[in-house]
2 protein chains.
Amino acid sequence: MPDPDDVSPTLHRRLREAILSLDLAPGERLSERGLEPEFRASRTPIRAALMRLASEGLVRRDDRGWRVAPIDLDEIRGLYEFREILETASARLACDRATPEDLEALAELAGSTAADETPEHSIDSGTSFHLELARLSGNAFLISAMEGVLTRLYRTRWVEVQSAESRERAHREHTAIAEALLAADADGAELATLSHLRGTGERLITSLGESRQRLRASGLSLG
Amino acid sequence: MPDPDDVSPTLHRRLREAILSLDLAPGERLSERGLEPEFRASRTPIRAALMRLASEGLVRRDDRGWRVAPIDLDEIRGLYEFREILETASARLACDRATPEDLEALAELAGSTAADETPEHSIDSGTSFHLELARLSGNAFLISAMEGVLTRLYRTRWVEVQSAESRERAHREHTAIAEALLAADADGAELATLSHLRGTGERLITSLGESRQRLRASGLSLG
DNA sequence: GATACCATAGTGGTATACCAATCAGCCCAT
DNA sequence: ATGGGCTGATTGGTATACCACTATGGTATC
């Protein structure tokens, strides 16, 4: 997912991408010195990047040392509950504040999900849709909180877009949200958002639970 | 203002307290080396503390350097809007999840506000009440977001508790929230929370606007 | 053979030296 | 008197050396 700030491949950004791409595995232990050769930097900036990543929830301090944040089912549940709060509120605020042009652009984003055939593009356009919805709320703290949520959820993306059917469903539901907003129907937009999140979240958690079983059986783990 | 983590007077905590107590003025420029003598530490830990404070919104990066986050009226407005979202949701969740004992403890906190005569204690108990309400939601992200909001708002506390009358009003409204929760009245609790925040926020912003006028007239500023 | 102890290597935490960029102030030239 | 250019001080950014602590593994002793 795009880092709103850094445009040049900063160390923070590179580490972040390594984690989000699962190149650094969830739960993996990291040592500051151990990262030096891979990322061609000295401890000080690596340490700074790790601290920043910790504040984004992608990395945690262990007893002594760091580890990539594990993918925790309870945390995902909490994130989706939190996200419901943020995103339904965003929908209401966007309904009040967004201009018709903004909403057209949002509908465009919703529409673009369908055209893409690749799961990767579906992920990105899905993320963009939800982020844009938050932006239309006009509240900087809401936006920032949504960014945090989406970042923390990003590593689970591979399960959401597995089937063409679920990509199609996301497209339908995003479109429904955008259309309710275009119709200035705040209640409808809130409801559409809520049901989209409820369904998506439930399927994600179920799917993750099953994957966890499978992985455990094969000796792997999610952290 | 209590730091949930650090119990020993860490550097981060000391810097944080210096900012929250307005000992370091809003908008004041800070230099890493310049803080060394005052805080008896070298650049590395000071830098780390500044980065952490930046992620809490108490400090910002300037073009070159750091500055204590100014007190910005628009930001306060945004914070209160965000807080409405978080806290009404907290009330609803708490209504579902909190045990009667939890709610009794919350009512106790609400009650303790009145007994205190000093503005200082009124601040602390008020903060505790709102933080406890968030805790009863049982959602870690909601709690953490509320902590962030309260931290960012903390420096404006001196205006909220100026008059005995406003302290009394806070007491009444907190009690009303706690009682609605005890009655398992989710709608009532949400409404009581909303009206408490609306009123408090509005008065705060008005008051800050006037203070800003007065300060500007006297040559000072809030950053 | 089991256990207790010690040496060692690896950890994050801190202090510090060096770097490039920048901003301010002063001096000199016009 | 004024404008231009240079110099020095100060900034954050980085690299690195040193510290205390701990966990571990091997060895020596019982």
Side-chain angles (χ1 to χ4, degrees), chain A residues 2-19 23-70 72 221 223, chain B residues 2-19 23-70 72 144 219 221 223:
Chain A
D3 187 335
D5 307 318
D6 310 326
V7 53
S8 78
T10 322
L11 178 61
H12 165 255
R13 180 179 174 152
R14 285 193 293 146
L15 255 166
R16 178 194 171 96
E17 280 173 2
I19 293 171
D23 193 27
L24 292 175
E28 181 175 347
R29 291 207 57 169
L30 301 176
S31 89
E32 299 173 358
R33 288 180 190 28
L35 293 169
E36 287 188 14
E38 164 96 22
F39 290 88
R40 310 283 191 137
S42 72
R43 275 185 72 202
T44 311
I46 285 181
R47 193 179 167 76
L50 286 172
M51 289 191 291
R52 189 165 162 193
L53 289 168
S55 82
E56 300 174 31
L58 294 182
V59 139
R60 303 214 178 134
R61 313 205 70 109
D62 210 271
D63 296 331
R64 204 173 4 278
W66 307 80
R67 70 173 56 236
V68 179
D72 183 291
S221 135
Chain B
D3 189 334
D5 310 317
D6 311 326
V7 52
S8 78
T10 321
L11 178 60
H12 165 254
R13 180 180 175 150
R14 285 194 291 146
L15 254 166
R16 178 194 172 93
E17 280 172 2
I19 292 172
D23 193 26
L24 292 175
E28 180 175 347
R29 292 206 57 171
L30 302 176
S31 88
E32 298 174 357
R33 290 194 238 278
L35 293 169
E36 288 187 15
E38 164 96 22
F39 290 89
R40 308 282 191 141
S42 72
R43 275 185 72 203
T44 312
I46 285 180
R47 193 178 168 75
L50 287 172
M51 288 190 292
R52 191 166 161 193
L53 290 168
S55 81
E56 299 174 34
L58 295 182
V59 139
R60 303 214 178 135
R61 313 204 71 108
D62 210 87
D63 297 330
R64 197 178 16 276
W66 307 81
R67 70 173 56 235
V68 179
D72 182 292
S144 161
S221 137

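Note that the structure is predicted; figures quoted are calculated from it, not measured.
- The interatomic distance linking A/Phe39 (CZ) with D/dT14 (P) rounds to 15 Å, in whole Å.
- B/Arg52 contributes no side-chain N or O that, together with a main-chain N or O of B/His12, makes up a donor-acceptor pair within less than 3.5 Å.
- Side chain A/Arg33 to base C/dG12: a donor-acceptor pair is found below 3.5 Å.
- Computed from coordinates, the A/Ile46 CD1 to D/dG13 P distance equals 16 Å when rounded to whole Å.
- Between B/Ser31 and the phosphate of D/dT11, there is a side-chain N or O to OP1/OP2 separation shorter than 4.0 Å.
- Within 3.5 Å, a donor on the side chain of B/Thr44 pairs with an acceptor on the base of C/dT16, or the reverse.
- In the set C/dG12, D/dG13, D/dA15, C/dG12 carries the atom at the smallest distance from any side-chain atom of A/Glu32.
- Taking 4.0 angstrom as the limit, B/Arg40 places none of its side-chain polar atoms (N or O) nearer than this to OP1 or OP2 of C/dA15.
- Between C/dC23, D/dG13, D/dT16, one nucleotide has an atom nearer to the side chain of B/Arg64 than all others, and that is C/dC23.
- The CG atom of B/Leu24 lies 7.0 Å from the CG atom of B/Leu35; values are rounded to the nearest 0.5 Å.
- What separates CG of B/Leu11 from P of C/dG13 is a distance of 13 Å, to the nearest Å.
- Here the C1' atom of nucleotide D/dA23 and the CG atom of A/Asp62 are 13 Å apart, to the nearest Å.
- A side-chain donor-acceptor contact under 3.5 Å links A/Arg67 to the backbone of A/Gly27.
- In terms of heavy atoms, B/Gly57 sits closest to B/Ala69 at O-CB, 3.3 Å.
- In this entry the distance linking CE of B/Met51 with C1' of D/dG12 reads 11 Å, nearest Å.
- Distance A/Asp63 CG to C/dG12 P: 12 Å, rounded to the nearest Å.
- Nearest to the side chain of A/Arg47, among C/dG12, C/dA15, D/dG12, sits C/dG12.
- In this structure, A/Trp66 places its CH2 atom 17 Å from C1' of C/dG10, rounding to the nearest Å.
- When rounded to the nearest whole Å, the span between CG of B/Leu35 and P of D/dT10 equals 15 Å.
- No option in B/Arg64, B/Arg61, B/Arg43 other than B/Arg43 meets the salt bridge (Lys or Arg N to Asp or Glu O under 4.0 Å) test with B/Glu32.
- Closest contact between the side chain of B/Arg43 and the listed nucleotides D/dA15, C/dT14, D/dG13 involves D/dG13.
- Heavy atoms of B/Leu50 sit nowhere under 4.0 angstrom from any nucleic acid atom.
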